[in-house]
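Since this is a predicted model, take the numbers as computed values, not measurements.
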Amino acid sequence: MSHKIFLRFFKITIIAITLSSLSACYGDRAQSEQLFKKYCNEEGRVGQFIYEQVLLGEEYFRPIPTDEKELSRLDKRFYIDDKKLLIDKHRFKQSYIFNDQVKTMLSPIGPIYSFETTIVRKSDGKVLSKAVSLLNMLDKSSEYFATEGETCPTGRDIQRNSLFNKNHHNIIEKTFSR
């Protein structure tokens, strides 16, 4: 008799653990989605923010190479003026700090991450511009584990570029000119 009671108790315990685990997963999903939506809609949290536009002198530019091999190694983000000008990356880094897509966890539920790119002038420490995107790794198509995730901002521009990445990739061009 005690063996049957033990088996019944064991089955009930397993069912309770399974149900509580499933409800925790769905609870985390709802909480993560709600928090992510709140972050995405929060004024001034997501997007591209240009605080000061800077005119660069001739010393900050270099000729655009004609060699295909050298062209392929260039950081495309340092082109400005519709790819007519190329900023000398070495010279640029003497005067400015370019922090590209620094990842910060906003919430372990999801988890939700913020990716922030900033350009800071070294002489006075002023942030000239920043781009911020969010990523919720709790993918809607997956029941129990993260795959790609949900991004903010969402969508694509007319050239089919992800808006999540676009603000990070064109921040130099939006901040500097000649």
Side-chain angles (χ1 to χ4, degrees), residues 12-54 56 75-83 87 89 92-93 95-177:
I12 290 171
T13 303
I14 295 298
I15 290 169
I17 290 171
T18 303
L19 289 176
S20 67
S21 295
L22 287 175
S23 67
C25 287
Y26 289 114
D28 282 356
R29 175 181 297 279
Q31 186 178 3
S32 177
E33 288 175 351
Q34 182 181 28
L35 189 57
F36 186 70
K37 187 175 183 178
K38 176 185 166 254
Y39 286 147
C40 287
N41 293 322
E42 192 174 296
E43 182 79 24
R45 179 181 285 274
V46 176
Q48 187 179 72
F49 308 94
I50 308 298
Y51 304 117
E52 182 181 329
Q53 291 184 311
V54 176
L56 294 175
D75 188 336
K76 307 284 189 264
R77 294 170 299 180
F78 283 85
Y79 282 105
I80 65 169
D81 193 20
D82 202 25
K83 296 189 178 182
I87 295 174
K89 192 174 179 178
F92 177 86
K93 288 187 173 192
S95 302
Y96 301 96
I97 300 168
F98 180 59
N99 295 313
D100 189 27
Q101 294 197 29
V102 176
K103 181 178 175 182
T104 305
M105 183 183 284
L106 297 178
S107 171
I109 299 171
I112 299 171
Y113 295 99
S114 172
F115 292 84
E116 184 171 303
T117 298
T118 56
I119 299 175
V120 179
R121 185 171 36 227
K122 287 183 177 181
S123 64
D124 60 4
K126 182 178 181 186
V127 176
L128 301 175
S129 56
K130 74 176 180 178
V132 183
S133 300
L134 302 181
L135 173 65
N136 186 352
M137 288 301 295
L138 190 60
D139 183 69
K140 292 178 184 287
S141 67
S142 172
E143 286 283 336
Y144 305 108
F145 58 91
T147 53
E148 283 188 20
E150 187 176 4
T151 62
C152 177
T154 60
R156 298 192 175 278
D157 66 9
I158 57 174
Q159 287 90 22
R160 307 287 305 144
N161 297 312
S162 161
L163 295 179
F164 177 83
N165 291 319
K166 183 177 181 177
N167 289 336
H168 299 276
H169 288 269
N170 72 4
I171 194 166
I172 292 173
E173 182 170 26
K174 298 289 184 173
T175 306
F176 298 97
S177 61

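- In this structure, the separation between CG on N170 and OG1 on T175 is 8.5 Å, given to the nearest 0.5 Å.
- Surrounding CD of E52 are more than 12 heavy atoms belonging to other residues, nucleotides or ligands, all under 6.0 Å away.
- Proximity of L128 to Y96: side-chain heavy atoms (C-beta onward) are separated by under 4.5 Å at one or more points.
- V54 is listed as a side-chain neighbour of L56, based on a closest heavy-atom distance under 4.5 Å.
- Note that the CZ atom of F176 and the CD1 atom of I80 stand 9.0 Å from one another [nearest 0.5 Å].
- In this structure, L35 and I109 have side chains that are not in contact, with every pair of non-hydrogen atoms separated by 4.5 Å or more.
- The shortest side-chain heavy-atom distance between K37 and E33 does not fall under the 4.5 Å cut-off.
- A 4.5 Å side-chain heavy-atom check between I172 and F78 finds at least one atom pair inside the cut-off.
- Atom-to-atom distance recorded for I87:CD1 and Y79:OH is 11.5 Å, nearest 0.5 angstrom.
- Put simply, the residue from R77, H169, H168 that forms a side-chain hydrogen bond (donor to acceptor under 3.5 Å, both in side chains) with D100 is R77.
- Distance alone, capped at 3.5 Å, is enough to place a donor-acceptor pair between the T117 side chain and the Q101 backbone.
- Separating the NZ atom in K38 from the CZ atom in R45 is a distance of 7.0 Å, to the nearest 0.5 Å.
- Atom NZ of K122 has more than 12 heavy atoms from other residues, nucleotides or ligands within 6.0 Å.
- Considering CG of N41 and SG of C152, their distance stands at 7.0 Å, rounded to 0.5 Å.
- By the 30° and 60° cut-offs, the orientation of the rings of Y51 relative to F49 is parallel.
- E116 has its side chain out of reach of N99: every pair of non-hydrogen atoms, C-beta onward, lies at least 4.5 Å apart.
- N167 and S133 are not linked by any side-chain donor-acceptor pair at a separation below 3.5 angstrom, with hydrogens and angles left out of the test.
- Here the side chain of E173 pairs a donor or acceptor atom with the backbone of D81 at under 3.5 angstrom.
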